[in-house]
Every structure is written in structure tokens, then in C-alpha cells.
Peer 1: 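The structure is given below, and queries will be raised subsequently.
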Amino acid sequence: MNVKIPPLPTEPGVTCVLDDLSIEDYHGGAGVSKSALDDFRRSPLLYWSNRFDPSKPPEEEKKSHLQGNLLHCAFLEPDMFASRYITVPEEAPKKPSITQRNAKKPSADTLEAINWWDRFNLDNADKKIITPDQYTLAWKQADSLRKIKAVTALTVRGKPEVSAFWTDPVTGLYCRCRPDWVAPFGEQGDILLDLKGAVDWRAEVFSRKQAHGKRYHVQDAFYTEGWTKASGREVLEFMFAIVEDEWPFLASVVVYDEPSKTQGRKDFREDLNGIKRHIDAGVWTPNTDNVQTMSLPAYAFTED
């Protein structure tokens with residue numbers, strides 16, 4: 001059966017570029033994002049459920065998402081790292097359990113541990129506690145990226161985490177994107193840079209094992225068109241700075257070829273058009289109840 005939903009507002013909004021918008025305000029604001037396109041491609045009902053279902057449970061931060069945020073901060077905004085994240089000192093006492101905190105006659109050591117942790121949490125209420133391994137990984141990855149000449153050449157100019165908002169001229173949907181780094185090149189235009197933790201730094205492996213499944217070609221095309229409309233400046237190139245998450249943290253810069261960019265434009269246009277159709281109809285189709293047939297990927301078949 002289909003789920004009947006009242007028409008959703010397109011919220012035309014204002015076309016603009018903001019370089020001082022917090023990540024919380026960005027994610028909490030209006031506009032179709034790349035993650036929204038991914039949800040819709042997977043299921044129209046998933047798109048609606050993640051954004052408008054009042055019964056949606058609170059989201060828990062995934063470990064991979066946190067590590068990505070740590071990399072972004074260590075590389076793009078290193079001066080802000082200490083104000084956002086903290087590790088527990090080695091000399092810290094063991095964190096008291098709930099049972100220890102509720103004990104009628106806690107030991108002196110337990111009371112000392114409780115007092116230490118209460119002070120630590122109060123002093124660092126605005127920071128996220130991370131492990132030493134998470135801290136080390138983020139900074140090692142950032143150091144590896146800084147050794148790439150193309151990356152350092154881009155990040156000596158421009159700004160990180162710039163938010164762009166625009167109205168899609170075809171569907172009228174309000175859209176948004178947030179490039180990791182925008183590097184201006186005079187009147188010629190801008191280069192957009194996006195950081196990715198990678199399973200493998202080699203372009204052909206990165207494409208097959210990670211980029212295709214996560215639709216990075218759609219991000220390239222969506223951000224390129226959106227940034228141009230929001231800023232009025234041409235995007236000269238969209239580049240991915242990728243770095244592995246294991247020693248020795250191999251890194252590289254990769255870009256899509258033109259056929260892949262063309263496919264990205266085709267895919268995000270299909271997604272936006274589909275979202276608009278469902279908004280107009282007010283019906284969000286859930287996943288199929290039918291049995292599905294699956295096949296091995298083409299490269300898994302061998303010749304007789």
C-alpha cells in the first residue's frame with residue numbers, strides 16, 4: 001500500500017552563499033541536499049521518513065561519520081580542533097559505573113573518581129570526547145593530505161565549509177550544498193575540494209569499492225551546478241582529496257572524467273524530478289513487498 005502524505009512545501013528561500021553558518025544550522029535548515037538525493041534513490045519512503053516522519057527516532061552518530069568530522073577539522077580547521085574535541089588524559093581514574101555512583105557508601109577512591117569525572121565533564125561540556133586512536137588517526141590523515149602539492153596549492157586560498165542555497169530552475173525545489181573547501185581563482189571561477197576517508201588511494205579501486213556505491217559522481221554534479229547558481233561563479237573543477245585510514249595513510253587527489261560527470265548530472269536530475277513528482281502527488285511509495293531477484297556484478301562472471 002502507499003502512504004498518503006500532505007503536500008510538502010518547496011520553501012523557495014533565498015539564493016545565497018554563507019561562509020559563517022554552523023554545521024548544525026546547515027543540517028537543520030531547509031533544502032534538498034545530496035544525502036536527500038541518495039535517500040530518494042534508495043526509496044521515496046526513506047526520503048520522507050528521514051525528514052518528515054514525526055516518529056523518527058533520534059539519530060546516533062556513526063563511528064565513520066565522527067571520524068570524517070575529525071579529519072575535516074584536523075585538515076580544514078586545525079585551529080578549531082582543541083575547542084571541539086578532547087581526549088581523556090592518561091592519568092584519569094576509571095570512569096565510575098552507574099552502580100558505583102548510586103552506592104550508599106562509596107569508597108574514597110570511588111568518590112574521588114566521581115568528582116574527577118564530574119569536573120572533567122563540566123569543564124568540557126561543549127567538547128566531544130574522542131579516543132586517543134581517533135585523535136591520532138585524524139591528524140595522521142591530515143598530515144598525509146598536506147604532503148600533496150595539489151591539495152596545499154588549493155588550501156592556501158579560499159575558505160572551508162561554505163554553505164550554498166539555491167532554487168532549482170526545473171523543479172522549483174530549494175536545494176543546498178556545503179563544499180569542504182572553495183578555492184577562488186580570480187575571475188575564472190572556483191575549484192571545489194571534498195575530503196574523503198578512503199579504502200584505497202588508487203583511483204580505479206576507490207571508484208569501484210567506494211565512490212560508485214556512495215554516488216560521489218552525483219555529489220560532483222549536484223555541487224557543481226548548485227555552487228554556480230548560488231555564487232554566480234563557474235566551477236572550474238570538483239576534486240576529491242582521498243586518504244586511507246590505515247598506516248602509512250596513502251593519499252591522492254582524484255577527479256571524474258567527463259562521461260562520469262555527465263552521468264552525475266543525469267542522475268541528480270532524475271532524483272530531483274522524482275522528488276518533485278512525489279511532492280505534487282503527496283504519495284510516498286514504500287519498499288516493494290515482492291520477492292526480488294539479484295545477480296552477481298558483471299565483473300564476477302567468468303567465461304567457460
Peer 1: Got a second to check how far Thr87's OG1 is from Lys128's NZ, nearest 0.5 Å?
Peer 2: 14.0 Å
Peer 1: Set out, in order, the CA-CA distance, both residues' side-chain angles and the distance that settles side chain to side chain contact (heavy atoms under 4.5 Å, CB included) for Thr155 and Leu145, then state yes or no.
Peer 2: CA-CA 11 Å; Thr155 52; Leu145 286 171; over 6 Å; no
Peer 1: Are a donor atom and an acceptor atom from the side chains of Thr99 and Ser97 found within less than 3.5 Å of each other?
Peer 2: no
Peer 1: Could you walk me through whether Phe185 and Asp190 satisfy the side chain to side chain contact (heavy atoms under 4.5 Å, CB included) test, starting with their C-alpha distance in whole Å, then the side-chain angles of each, then the deciding distance to 0.1 Å, before giving a yes or no?
Peer 2: CA-CA 6 Å; Phe185 281 80; Asp190 301 323; over 6 Å; no
Peer 1: To the nearest 0.5 Å, how far apart are NZ in Lys140 and CD in Glu244?
Peer 2: 15.5 Å
Peer 1: In this structure, would Tyr299 and Phe206 fall into the same cluster of hydrophobic residues linked by side-chain contacts under 4.5 Å?
Peer 2: no
Peer 1: About how many Å separate CZ of Arg84 and CD1 of Ile86, when rounded to the nearest 0.5 Å?
Peer 2: 15.0 Å
Peer 1: With no hydrogens and no angle check, do the side chains of Asp245 and Gln141 hold a donor and an acceptor under 3.5 Å apart?
Peer 2: no
Peer 1: Report the distance from atom CG of Leu46 to atom CG of Asn50, rounding to the nearest 0.5 Å.
Peer 2: 4.5 Å
Peer 1: Which residue in the set Lys34, Arg41, Arg42 passes salt bridge (Lys or Arg N to Asp or Glu O under 4.0 Å) when paired with Asp38?
Peer 2: Lys34
Peer 1: Would you compute the distance between atom CG of Asp168 and atom CG of Asn273 and round it to the nearest 0.5 angstrom?
Peer 2: 7.5 Å
Peer 1: So, is the end of the Arg178 side chain (NZ or CZ) under 6.0 Å from the ring centre of Tyr26 and within 45° of the ring's axis?
Peer 2: yes
Peer 1: So if I apply the ring pair (Phe, Tyr, Trp, His ring centres under 6.0 Å) rule between Phe222 and each of Trp227, Trp166, Tyr216, which one comes out positive?
Peer 2: Trp166
Peer 1: When you compare the side chains of Thr136 and Asp133, does any donor N or O come within less than 3.5 Å of an acceptor on the partner?
Peer 2: no
Peer 1: Closer than 3.5 angstrom, by distance alone: can the side chain of Arg146 be matched with the main-chain N or O of Thr152 as a donor-acceptor pair?
Peer 2: no
Peer 1: Ile191 and Leu193: side chain to side chain contact (heavy atoms under 4.5 Å, CB included), yes or no, with the steps?
Peer 2: CA-CA 7 Å; Ile191 290 181; Leu193 181 70; 5.5 Å; no
Peer 1: Yes or no on ring-ring contact (aromatic ring centres under 6.0 Å, His included) for His278 and Phe40, after CA distance, side-chain angles and deciding distance?
Peer 2: CA-CA 10 Å; His278 280 73; Phe40 182 81; 5.2 Å; yes
Peer 1: Please lay out, stage by stage, how Lys196 and Gln219 fare under the test side chain to side chain donor-acceptor pair (under 3.5 Å).
Peer 2: CA-CA 12 Å; Lys196 302 290 187 187; Gln219 180 186 2; 3.1 Å; yes
Peer 1: Is it the case that the side chains of Ser107 and Asp109 hold a donor-acceptor pair, with the cut-off being a distance below 3.5 Å and no angle test?
Peer 2: no
Peer 1: Classify the angle between the aromatic ring planes of His217 and Tyr256 as parallel (below 30°), tilted (30 to 60°) or perpendicular (above 60°).
Peer 2: perpendicular
Peer 1: How long is the span from the CD atom in Gln134 to the OH atom in Tyr85, to the nearest 0.5 Å?
Peer 2: 10.0 Å
Peer 1: Should Asp271 and Arg215 be marked as a salt bridge (Lys or Arg N to Asp or Glu O under 4.0 Å) after you check the CA-CA gap, both sets of side-chain angles, and the distance that decides it?
Peer 2: CA-CA 12 Å; Asp271 296 338; Arg215 304 208 313 156; 2.8 Å; yes
Peer 1: Quick test of your reading of the model: are Arg208 and Asp200 salt-bridged, counting only N-O distances below 4.0 Å?
Peer 2: no
Peer 1: Evaluate Ser163 against Arg176 for side chain to side chain contact (heavy atoms under 4.5 Å, CB included), listing each step before the verdict.
Peer 2: CA-CA 7 Å; Ser163 302; Arg176 59 184 164 100; over 6 Å; no
Peer 1: Do Leu37 and Phe238 belong to the same hydrophobic cluster, where Ile, Leu, Val, Met, Phe, Trp and Tyr are linked whenever their side-chain heavy atoms lie under 4.5 Å apart, directly or via other members?
Peer 2: yes
Peer 1: Quick check with a 6.0 Å cut-off and a 45 degree axis cone: is Lys95 positioned over the face of Trp117's six-membered ring?
Peer 2: yes
Peer 1: State yes or no: do Leu137 and Trp247 share one hydrophobic cluster built from I, L, V, M, F, W and Y residues joined by side-chain heavy-atom distances below 4.5 Å, directly or via other members?
Peer 2: yes
Peer 1: Is there a salt bridge (Lys or Arg N to Asp or Glu O under 4.0 Å) between Lys261 and Asp220 once you walk through the steps?
Peer 2: CA-CA 7 Å; Lys261 290 176 180 288; Asp220 180 328; 2.9 Å; yes
Peer 1: Can you check salt bridge (Lys or Arg N to Asp or Glu O under 4.0 Å) on Glu258 and Arg265, steps first, answer last?
Peer 2: CA-CA 11 Å; Glu258 193 53 43; Arg265 290 190 289 270; 3.0 Å; yes
Peer 1: Please check if the distance between the ring centroids of Phe75 and Trp139 is under 6.0 Å.
Peer 2: no
Peer 1: Got a donor-acceptor contact below 3.5 angstrom from the Ser207 side chain to the Glu204 backbone?
Peer 2: no
